[in-house]
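What follows is a single structure, written as structure tokens, with notes after it.
Since we're looking at a predicted model, the values are computed, not measured.
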Amino acid sequence: MKNPSAEADQFQRRAAVGFLGIAAVMIGLCLGYFRLQVWQHEEYKTRSEANRIKLRPVVPARGLIYDRNGRLLADNIPAYRLEIVPDQVEDVDATVQALARRVSLSKEDLEQFRLARRATRGFRPVTLKLRLSEEERARLAVDRHLFPGVDVVPYLTRRYPLESALAHVIGYVGRVDANDLERLGDSKYSALTHVGKSGIERYYEDSLRGEIGYEQVEQNVEGRSLGVVGRVPAKPGPDLQLSIDADLQRAAANAFGDMDGSAVAVDPRTGEVLAMVSLPSFDSNLFVNGISHKDYRILTENPSRPLFDRNLHGGGPPGSTVKPFVGLAGLESGMRTPEDKILSTGEFHLPGVARGFRDSHAGGHGWVDLRESIAQSVNTYYYKLAIDMGIGKFDEYLSRYGFGKPTGIDLRGESSGVLPSPEWKMKRYRQPWYPGETVNSGIGQGYWVVTPLQLAQATASIANGGLRRPLHLAKARRHGFNEAWMPLPLPAAQRIAANGPNMKAVQEGMVGTIYGSHGTARAIGVGAPYLIAGKTGTAQRVSRKGNVSVNPHQLPLHLRHRALFIGYAPADNPSIAVVVVVEHGGFGASTAAPIARKIMDAWLLPKIAPTPATASAPAPLPAPASAPAPETVR
């Protein structure tokens, strides 16, 4: 029998459950809408906009580089590159093959694309080819609809107007590779195609590249761009002014002729590098968009190693150019006075050692003091001085003058060289130190390794009266073409010797090298309208056999001595200090010194008015009327 009351109760219960279920569903639905429309509004709006708006990074213009006189050394020129976004392409290999029928793709382009694709996330563009021609751009414009995920992107590429003249100083930019992404961070360089690889370009990379911006580009369902709807501008990198003088740089390179070597010219008053030449050199433009295998092979197989920076990474024994610094160390340590004299008989012997250490002249130089020992390059003076000082004190003072440590120049990878010491020899060769090695160290031979930059810094320290200034290339910076140049702060100088009688004696000895009656570089002082101070040097690559001397000009080219010269001018008010090293040059006086004179002329003569008072060298010592015979080994 039916029970209406029970059925009504059951219906009410079911209706209540149904109502509660519907209410729960409606509440859940409302919460879902609220979450989508309110809580996650920005997220879904961004996703929606991403289907319509494409963010395109805008790479800033790289900062320009100028010389001290405003000559452009590195600039930017417009170009176009071909990019592919792998995630937006169904078949990357097929797309590349199709593109190869419309643009010229070299093996290097394909290899670079393969490596970059492997190192880059799929949603980021990968460059297939840099520097499209106008004809290639026209072909791609006609068939653009056939290549979704492919784009032609305008950009600025680097150009070096002076080509090889400053390759080792300016360096070059090159394509961003996997090593760059790993070293500097993927996100930091994801939008860039080029990065500084060497020289100034690498050292000041963080400044020169500027800050990346972006554009909001509206596109249709086919991925075709409809226009730019928003923009965050990129910030160009600041321009950089170097202390380099482009005219002096060219003059220094031309002074070498066809010889290999290096030269550094600095302002001893500030530590600014005026010229820095390493020969042979190379054209920096070859590396900007990827050097070909053929060009790279030519550079790497050249026995003269044009890619090797002799000033920054090279070095060797300084020969007799170290004598002014050893002499100064003897004076400053109290082991000698400027007037102390040493007898040079032509050969120096250690007690109990039969084999002697020869002087530069057979029969010796007689009694000489510090000034004449520098002017005539008397080995015996420095043999005995080194022994009297001992290797410990010798290293203490030579280290103070900057040897065995970097100069602080604003370039990556500077060599520290080698200041010979018992500790260094034990670590390097596991052998004890011998007195004969101290003797050799006194004349810049043996285990010495000195870079031209170190010699330049030390020479400038004598020229300015005893201040060792860190060498530097960057002089000023500006943040816009219409802005004024803001000088960069000068690195702090360190007093390494008192500017007193000891320093004056060394300076007079270096002046005597040019103007003394027995000076080893008298030839370069003839006709100079300014006073020159200097020191010649010859670093031997092979020693004599027994008592038989070796004629360096009869040796194979790779075994011939290195010719060196250090100097500064005007000696009475120095504004330039010069170091010249000529590979396989033979003798410092006959090969390196004339090159230094040409560099000094290029810097000083335009600043000197031609008057009768400057028609001859204002030397404190009488200059010879004619050039002397070439010096022997110094």
Practice problem: Rounded to the nearest 0.5 Å, what's the gap from OH on Y383 to CZ on R358? Could you check? | Solution: 10.0 Å
Quiz item: In Å and rounded to the nearest 0.5 Å, what is the CZ to CG distance from R202 to L411?
Solution: 11.0 Å
Quiz item: Quick one: does L242's side chain get under 4.5 Å of L166's, heavy atoms only?
Solution: no
Exercise. Go through I409 and M276 one step at a time and tell me if the side chain to side chain contact (heavy atoms under 4.5 Å, CB included) criterion holds.
Key: CA-CA 12 Å; I409 194 169; M276 184 173 162; 4.1 Å; yes
Quiz item: Would you call the rings of W448 and F394 parallel, tilted or perpendicular, where under 30° means parallel and over 60° means perpendicular?
Solution: perpendicular
Quiz item: Within the distance-only criterion (no hydrogens, no angle test), does the side chain of H361 pair as donor or acceptor with the backbone N or O of G346 below 3.5 angstrom?
Solution: no
Exercise. Starting from the C-alpha separation in whole Å, work towards a yes-or-no answer on side chain to side chain contact (heavy atoms under 4.5 Å, CB included) for Y568 and Q507.
Key: CA-CA 10 Å; Y568 58 89; Q507 293 171 339; 3.3 Å; yes
Quiz item: CG of L312 to OG of S262: how many Å apart, nearest 0.5 Å?
Solution: 11.0 Å
Quiz item: What do you reckon, is CZ of R428 surrounded by more than 12 foreign heavy atoms closer than 6.0 Å?
Solution: no
Quiz item: Parallel, tilted or perpendicular: which fits the ring planes of F357 and F348, with parallel below 30° and perpendicular above 60°?
Solution: tilted
Quiz prompt | Check: K598 side chain, A252 main-chain N or O, donor-acceptor pair, under 3.5 Å | solution = no
Quiz item: Given side chains that start at C-beta, do those of D601 and R597 come closer than 4.5 Å, heavy atoms only?
Solution: yes
Quiz item: Do T321 side-chain atoms and G537 backbone N/O form a donor-acceptor pair below 3.5 Å?
Solution: no
Practice problem: Would you confirm whether R522, through its side chain, and S517, through its main-chain N or O, come within 3.5 Å as a donor-acceptor pair? | Solution: yes
Quiz item: Would D410 and Y204 satisfy side-chain hydrogen bond (donor to acceptor under 3.5 Å, both in side chains), going step by step from the backbone distance to the final call?
Solution: CA-CA 9 Å; D410 38 353; Y204 290 100; 2.6 Å; yes
Exercise. Evaluate the side-chain proximity of I576 to Y530: yes if any heavy-atom separation is below 4.5 Å, no if none is.
Key: no
Quiz item: If only atom types and distance count, is the side chain of S243 paired as donor or acceptor with the main-chain N or O of L473 below 3.5 Å?
Solution: yes
Exercise. Measure the spacing between CD of E201 and CD1 of I170 and express it to the nearest 0.5 Å.
Key: 7.0 Å
Quiz item: How far apart are the closest heavy atoms of I514 and G525, and which atoms are they?
Solution: CG2-CA, 3.5 Å
Quiz item: Does the R269 side chain pair with the main chain of G271, one donor and one acceptor, at a distance under 3.5 Å?
Solution: no
Quiz item: Counting only N and O atoms by type, is there a donor-acceptor contact under 3.5 Å from the side chain of S284 to the main-chain atoms of G171?
Solution: yes
Exercise. State, with a plain yes or no, whether a side-chain heavy atom of K535 is found less than 4.5 Å away from one of T459.
Key: no
Practice problem: Kindly say whether P306 contributes a backbone atom to a donor-acceptor pair with the side chain of S304 at under 3.5 angstrom? | Solution: no
Practice problem: For residues V378 and E372, determine if any side-chain heavy atom of one lies less than 4.5 Å from a side-chain heavy atom of the other. | Solution: no
Practice problem: Write down the atom of V266, the atom of A460, and the distance for their closest heavy-atom approach. | Solution: CG2-CB, 3.8 Å
Practice problem: Show your working on salt bridge (charged side-chain N to carboxylate O under 4.0 Å, His left out) between D247 and R71 and close with a plain yes or no. | Solution: CA-CA 10 Å; D247 292 330; R71 177 172 295 183; 3.1 Å; yes
Quiz item: Can V169 and L73 be said to form a side chain to side chain contact (heavy atoms under 4.5 Å, CB included), step by step?
Solution: CA-CA 10 Å; V169 176; L73 305 179; over 6 Å; no
Quiz item: Between the side chains of Y382 and S373, does any donor sit under 3.5 Å from an acceptor?
Solution: yes
Quiz item: Looking at the rings of H168 and F282, which for Trp means the six-membered one, are their centres under 6.0 Å apart?
Solution: yes
Quiz item: Is a donor on one side and an acceptor on the other found under 3.5 Å between the side chain of N464 and the backbone of G466?
Solution: yes
Quiz item: Going by an N to O cut-off under 4.0 Å, is there a salt bridge joining R371 and E339?
Solution: yes
Practice problem: For L455 and V579, work out which heavy atoms get closest and say how close. | Solution: C-CG2, 3.6 Å
Quiz item: Less than 4.0 Å between a side-chain N and a carboxylate O, is that true for D388 and R336?
Solution: yes
Quiz item: What closest approach, in Å, do A589 and P594 show between heavy atoms, and which atom pair accounts for it?
Solution: O-CD, 3.4 Å
Quiz item: Can any side-chain N or O of D67 pair as donor or acceptor with the backbone N or O of A246 at less than 3.5 Å?
Solution: yes
Practice problem: Please test S377 against T520 for side-chain hydrogen bond (donor to acceptor under 3.5 Å, both in side chains), starting from the C-alpha separation and ending with a verdict. | Solution: CA-CA 7 Å; S377 198; T520 58; 5.8 Å; no
Quiz item: Between L385 and G327, which heavy-atom pair has the shortest distance, and what is it?
Solution: CD2-CA, 4.1 Å
Quiz item: Given the rule in the side-chain hydrogen bond (donor to acceptor under 3.5 Å, both in side chains) test, do N311 and S278 qualify, once you have shown the distances and angles that lead to the verdict?
Solution: CA-CA 7 Å; N311 291 310; S278 178; 5.0 Å; no
Quiz prompt | Other residues, nucleotides, ligands: >12 heavy atoms within 6.0 Å of K384 NZ | solution = no
Self-check item: Spatial distance of atom CG (D245) from atom CG (N69) [nearest 0.5 Å]
Solution: 5.0 Å
Exercise. Decide if atom NZ of K341 counts as having more than 12 heavy atoms of other residues, nucleotides or ligands within a radius under 6.0 Å.
Key: no
Quiz item: Can you name the nearest heavy-atom pair linking A569 to L604, along with the distance?
Solution: CB-CD1, 3.7 Å
Practice problem: With the side chain counted from C-beta on, respond yes when I374 and Y381 share a heavy-atom pair under 4.5 Å apart, and no when they do not. | Solution: no
Quiz item: Is any NZ, NE, NH1 or NH2 atom of the basic residue among R400 and E332 found under 4.0 Å from an Asp or Glu carboxylate oxygen of the other?
Solution: no
Quiz item: Could you walk me through whether R310 and V581 pass the side chain to side chain contact (heavy atoms under 4.5 Å, CB included) check?
Solution: CA-CA 9 Å; R310 288 162 164 79; V581 181; over 6 Å; no
Exercise. Could you check if a side-chain atom of M600 sits within less than 4.5 angstrom of a side-chain atom of I524, using non-hydrogen atoms only?
Key: no
Quiz item: Side-chain donor-acceptor pair under 3.5 Å between W433 and T438, yes or no?
Solution: yes
Practice problem: Just say parallel, tilted or perpendicular for the rings of F325 and F403, cut-offs at 30° and 60°. | Solution: perpendicular
Exercise. Measure the OG-CD1 distance between S344 and I342 for me, rounded to the nearest 0.5 Å.
Key: 10.0 Å
Quiz item: Does one side chain, of T380 or H365, offer a donor that lies under 3.5 Å from an acceptor on the other?
Solution: no
Quiz prompt | Sole residue of H472, Q454, Q457, E414 in side chain to side chain donor-acceptor pair (under 3.5 Å) with T407 | solution = E414
Quiz item: Side-chain contact, heavy-atom cut-off 4.5 Å: Y401 with L328?
Solution: yes
